[in-house]
Amino acid sequence: MEIPTQYLPLQKNGITVAIRREDLIHPFVSGNKFRKLKYNLLQAKKENQTTLLTFGGAFSNHIAAVAAAGKQEDFKTIGIIRGDELASKINENPTLKFAQENGMQFEFISREDYSNKASSDFLEVLKIKFGDFYLIPEGGTNGLAVKGCEEILTEEDAVFDYICCAVGTGGTISGIINSAQPNQKVLGFPALKGDFLQNEIRNFAKHDNWQLITDYHFGGYGKVNEELVFFLNQFSETTKILLDPIYTGKMIFGVIKLIENNYFPNDSKILVIHTGGIQGIEGMNQLLEKKKLSKINTDV
Ligand SMILES: Cc1ncc(COP(=O)(O)O)c(C=O)c1O
């Protein structure tokens, strides 16, 4: 499938910004989730596994995507969800409701247990409870996910000087780094605080033509403010493209700020990757409504 690329209406120093619409790749398994799951699901089938088990938080794009992809490809899916208080709130939570409607079975665990989720002891407990499964890590990042993300860039993308993407667990940017040209620079915009991502990316990335821009997480994972919501609404009004508030919205906000601050040389050609995540808007709007703050407009 040819993924559309659109140019953004930006005018400064001859810089052009194109957006790769990976969000349009699939109605429910959008953007980087599709790329990350592609080879994992093939591997699961090769191993004759019938169940996918993975981990995620309350509004996780990854949980929604695994549920939808599992349903489409005839896998049973199990989601280990961070926060036992969510067990009684499935119907209030659009992500969990969607995942459940797509057949996902949940196991809600405390934050403390969640922090040990990758330990061999905990995985043993899960095996006893659920039987054999194909394990997909939190956020979907592993070697096969990176292989899938290496397919985001195409040969024609060699014309771009910079490739920009949002960073959560580091799998997507690693794939992009591996398939970028040596003269291209890959800029990652982490959605969370902390330096640990550098090491995660180094585990998978084969080149060092990349850098993390750590100034645009807006206070941490899942945090937004009025300025970001205003930006998302202005962006969707002018481009008719929805961005998610957790990842792509912060990344594109950052790219535009960097352009304003003359970070990029004149005439730079920038490609930003829309990695999807639109399903998360509904949950974020619920939180914004509770706080009596402006909501993200989805009516484009
Ligand atoms: C919409 C979206 N964009 C970007 C990312 C970051 O991807 P990664 O976790 O591979 O760094 C995520 C999280 O996985 C996401 O859901």
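When reading the values below, keep in mind they use all heavy atoms of this one structure, side chains included, and skip hydrogens, waters and symmetry mates. Indexing begins at 1, ligand by ligand and atom by atom, following the structure's order. One is the number of the first residue; the rest follow in order along the sequence.
Remark: Glu112 CD is loosely packed, at most 12 non-hydrogen atoms of other residues, nucleotides or ligands lying under 6.0 Å away.
Ring-plane geometry between Phe98 and Phe28 is classed as tilted, the angle between the planes lying from 30 to 60 degrees on a 0 to 90 degree scale. Note on ring orientation: taking the six-membered ring where Trp is involved, the planes of Tyr216 and Phe189 are tilted (angle from 30° to 60°). Below 30°, between 30° and 60°, or above 60°: for Tyr162 and Phe264 the angle between ring planes is above 60°, a perpendicular geometry.
In terms of N/O distances under 3.5 Å, ligand 1 is approached by Asn61. Of the polar atoms of Gly170, at least one N or O is found under 3.5 Å from an N or O of ligand 1, judged by distance alone. Here's the thing with Gly171: one of its N/O atoms is less than 3.5 angstrom from an N/O atom of ligand 1.
Of the heavy atoms in Thr141, only side-chain atoms (C-beta onward) come closer than 4.0 Å to ligand 1. With a 4.0 Å heavy-atom cut-off, ligand 1 is reached by no atom of Ile173. At a heavy-atom distance under 4.0 Å, atoms from both the backbone and the side chain of Thr172 approach ligand 1.
Close approach of ligand 1 to Gly277 (heavy-atom distance below 4.0 Å) involves ligand atoms 1 (C). Shown in contact with Val167 at under 4.0 Å from a heavy atom are these atoms of ligand 1, numbered in order with element: 6 (C), 11 (O).
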- [ ] Determine, step by step, whether Lys257 and Glu260 satisfy the salt bridge (charged side-chain N to carboxylate O under 4.0 Å, His left out) criterion, reporting the C-alpha distance in whole Å, the side-chain angles of both residues, the deciding distance to 0.1 Å, and the verdict.
- [x] CA-CA 5 Å; Lys257 281 281 178 238; Glu260 284 170 11; 3.6 Å; yes
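Relative to atom 9 (O) of ligand 1, the option among Val146, Leu243, Thr169 with the closest non-hydrogen atom is Thr169. With Thr275, Asp23, Asn32 as candidates, the residue nearest to atom 12 (C) of ligand 1 on a non-hydrogen basis is Asn32. The heavy atom nearest to atom 10 (O) of ligand 1, considering only Arg35, His62, Lys33, Lys36, is found in Lys36.
In this structure, Asn116 contributes its side chain and Ser119 its backbone to no donor-acceptor pair below 3.5 Å.
Taking a 4.0 Å cut-off on heavy atoms, Gly276 registers as neighbouring ligand 1.
Figure legend: Lys193 and Tyr221 shown without cation-pi pairing, the cationic atom not lying both under 6.0 angstrom from the six-membered ring centre and within 45 degrees of its axis.
Atom 6 (C) of ligand 1 has its closest protein heavy atom at Gly168 N, 3.2 Å.
No donor-acceptor contact under 3.5 angstrom links the side chains of Glu151 and Ser179, judged on distance only. Side chains of Thr77 and Lys71: no donor on one and acceptor on the other come within 3.5 Å.
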